[in-house]
Amino acid sequence: MPSLMSNYSRLPVSFVRGEGACLWDTEGARYLDALSGIAVCGLGHAHPAITRAICEQASQLLHTSNVYGIANQQALADKLVQLSGMENVFFCNSGTEANEAAIKLARLYGNQRGISVPTIVVMEGAFHGRTLAALTATGNRKAQAGFAPLVEGFIRIPYNDIDALHTLATQQGNNIVAVLVEPVQGEGGVVIPAADYLNQIRSICDQNEWLMMLDEIQTGIGRTGKWFAFQHNGILPDVMTLAKGLGNGIPVGACLARGKAAGLFQAGSHGSTFGGNPFACKVALTVLETIENENLLPRVQALSARFMQGLQTALADVAAVKVIRNHGLLIGIELDRPCGELVKLALAEHLLINVTAEKVIRLLPPFILSDAQVDEIVDTLSRLIKNFTH
Ligand SMILES: *Cc1c(COP(=O)(O)O)cnc(C)c1O
């Protein structure tokens, strides 16, 4: 495909239709989707409620401008605020943009306090997106390679290392204004921190008047069995970013704020042409309503338990499997060796999976799976892993 830039390495398949957890390729062959377009299509493909919302809104109004009031944007903000306990919302079109908004909030916060180089603490192994500031926050040397100079004002510590954060807090003159962290590192290899990690970060941020900024772009919108992963910890962040599952495939991102972070943006501080348009907001609102109407949060927890039981049983005597980790339907199977090849082997069996951090098979299935589909994924995948590692 010489007319496309070469920034993706693509699998030799292309899909033309989807329904529920299934996709059909150009030859009419059916695939089971355990990836959901990388945590995007939580409601699966062509969900009737989403299709209806898209058609109705498309026949009424797609776009006006943030120069005007937008009722759907207000309604989506109200809903997100109600579900999260945050105070207000800025809408954009992707995850990386949501993080740029968060980073700009931290900069405003620092500059208003007279801090000369406001600095954000970020983590090794983090993924926050591909625009320059988000790329700088991302803790992946490969993703950053060749894009120097990166952005000033970030300091990096190991993930899940609360002592390292304590140490920063005791140092003088490091100008820290915020901590930006994922509740689970998805791209980083489904790395799940200590159960009280977020609580500890919350109290260090409180003690030092730093903003706690959670990147819930992968973990939010029900993926972990609650609306947002921080709700497992009984805390509230000061800033939270969302995208991926929020639109079920329609591009939409959001940056939510609370308390001292909620009053930072003033007219003219930040903006987006497309962000929060009537169309994207109607679809996102329908995604949230559908998760509610179909009572999918407990279903995510049940599916997650079925996956874990199935995988633990099927892979119990496979020495090459180091550990199986999950938080809801964010599932990682870590092998003792690089296993990127498994993506192609699974594709040949008409199963869509992902491998991240070289050795971690990652599953991000839709919330609308049947029990039988869970069992099918577990059976196919465990057979492939056994053959691959025997
Ligand atoms: C995917 C992802 C992003 C980037 O989102 P884009 O929409 O691709 O810009 C940022 N943070 C996390 C945790 C993600 O999983």
Side-chain angles (χ1 to χ4, degrees), residues 5 7-8 10 35-42 90-106 120-140 142-144 147 151 154 156 159-160 178-193 197-198 201 212-224 227-230 237 239-256 272 274-276 280 283-284 287 325-332 354-357 360 362-366:
M5 290 195 187
N7 57 313
Y8 299 109
R10 296 175 196 269
L35 191 59
S36 313
I38 315 190
V40 169
C41 303
F90 165 79
F91 288 108
C92 51
N93 315 287
S94 66
T96 199
E97 279 177 79
N99 284 333
E100 293 285 333
I103 291 163
K104 286 180 76 172
L105 284 177
I120 301 172
V121 180
V122 293
M123 305 301 159
E124 287 172 11
F127 186 81
H128 297 297
R130 302 284 197 161
T131 54
L132 276 170
L135 179 66
T136 307
T138 289
N140 178 331
K142 258 197 224 162
Q144 292 174 342
F147 295 111
V151 174
F154 293 88
R156 194 175 306 283
Y159 188 63
N160 194 23
V179 177
L180 174 63
V181 62
E182 297 155 274
V184 174
Q185 287 188 336
E187 304 302 308
V190 192
V191 184
I192 300 172
Y197 182 54
L198 297 185
I201 293 176
M212 178 179 185
M213 310 202 298
L214 286 182
D215 179 342
E216 292 243 19
I217 290 162
Q218 191 154 151
T219 52
I221 318 296
R223 177 60 50 189
T224 70
W227 282 108
F228 309 103
F230 72 75
V239 175
M240 167 172 67
T241 53
L242 299 172
K244 293 207 163 95
L246 180 57
N248 209 61
I250 296 299
V252 54
C255 177
L256 287 77
S272 164
F274 293 140
V283 178
V287 168
R325 296 186 284 265
N326 85 308
H327 199 1
L329 287 178
L330 172 46
I331 301 169
N354 171 250
V355 167
T356 186
V360 182
R362 180 174 51 160
L363 305 181
L364 289 158

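Whatever order the structure lists ligands and atoms in, that order sets their numbers, starting from 1.
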What do you reckon, does [X] have a nitrogen or oxygen under 3.5 Å from a nitrogen or oxygen of ligand 1?
{"X": "Phe127", "answer": "yes"}
{"X": "Gln218", "answer": "yes"}
{"X": "Gly129", "answer": "no"}
{"X": "Thr96", "answer": "yes"}

* Asked: Considering all protein heavy atoms, does one lie under 4.0 Å from atom 8 (O) of ligand 1?
  -> no
* Look at the side chain of Arg156 and the backbone N and O of Ala137, then say whether any donor-acceptor pair between them is shorter than 3.5 Å. => yes
I'd like to check which ligand 1 atoms, numbered from 1 as shown, lie under 4.0 Å from a non-hydrogen atom of [X].
{"X": "Asn99", "value": "10 (C), 11 (N)"}
{"X": "Lys244", "value": "1 (C), 2 (C), 3 (C), 14 (C), 15 (O)"}
{"X": "Asp215", "value": "10 (C), 11 (N), 12 (C), 13 (C)"}

* Asked: Backbone, side chain, both or neither: what part of Ser94 comes under 4.0 angstrom of ligand 1, heavy atoms only?
  -> both
* Glu182 and ligand 1 - part of the residue with a heavy-atom distance under 4.0 Å -> side chain
* Can you measure from OG1 (Thr136) to CD1 (Ile103) and round to the nearest 0.5 angstrom? => 7.5 Å
* Asked: How long is the span from the CD1 atom in Ile331 to the CZ atom in Arg362, to the nearest 0.5 Å?
  -> 12.0 Å
Under a 4.5 Å cut-off applied to non-hydrogen side-chain atoms, are [X] and [Y] in contact?
{"X": "Leu364", "Y": "Gln218", "answer": "yes"}
{"X": "Ile120", "Y": "Met213", "answer": "yes"}
{"X": "Ser36", "Y": "Arg223", "answer": "yes"}
{"X": "Val190", "Y": "Asn326", "answer": "no"}

* Asked: Between Thr219 and Thr224, do the side chains contain an N or O donor and an N or O acceptor separated by less than 3.5 Å?
  -> no
* Look at atom 6 (P) of ligand 1 and say which protein heavy atom is nearest, naming residue and atom and giving the distance to 0.1 Å. => Gly95 N, 3.5 Å
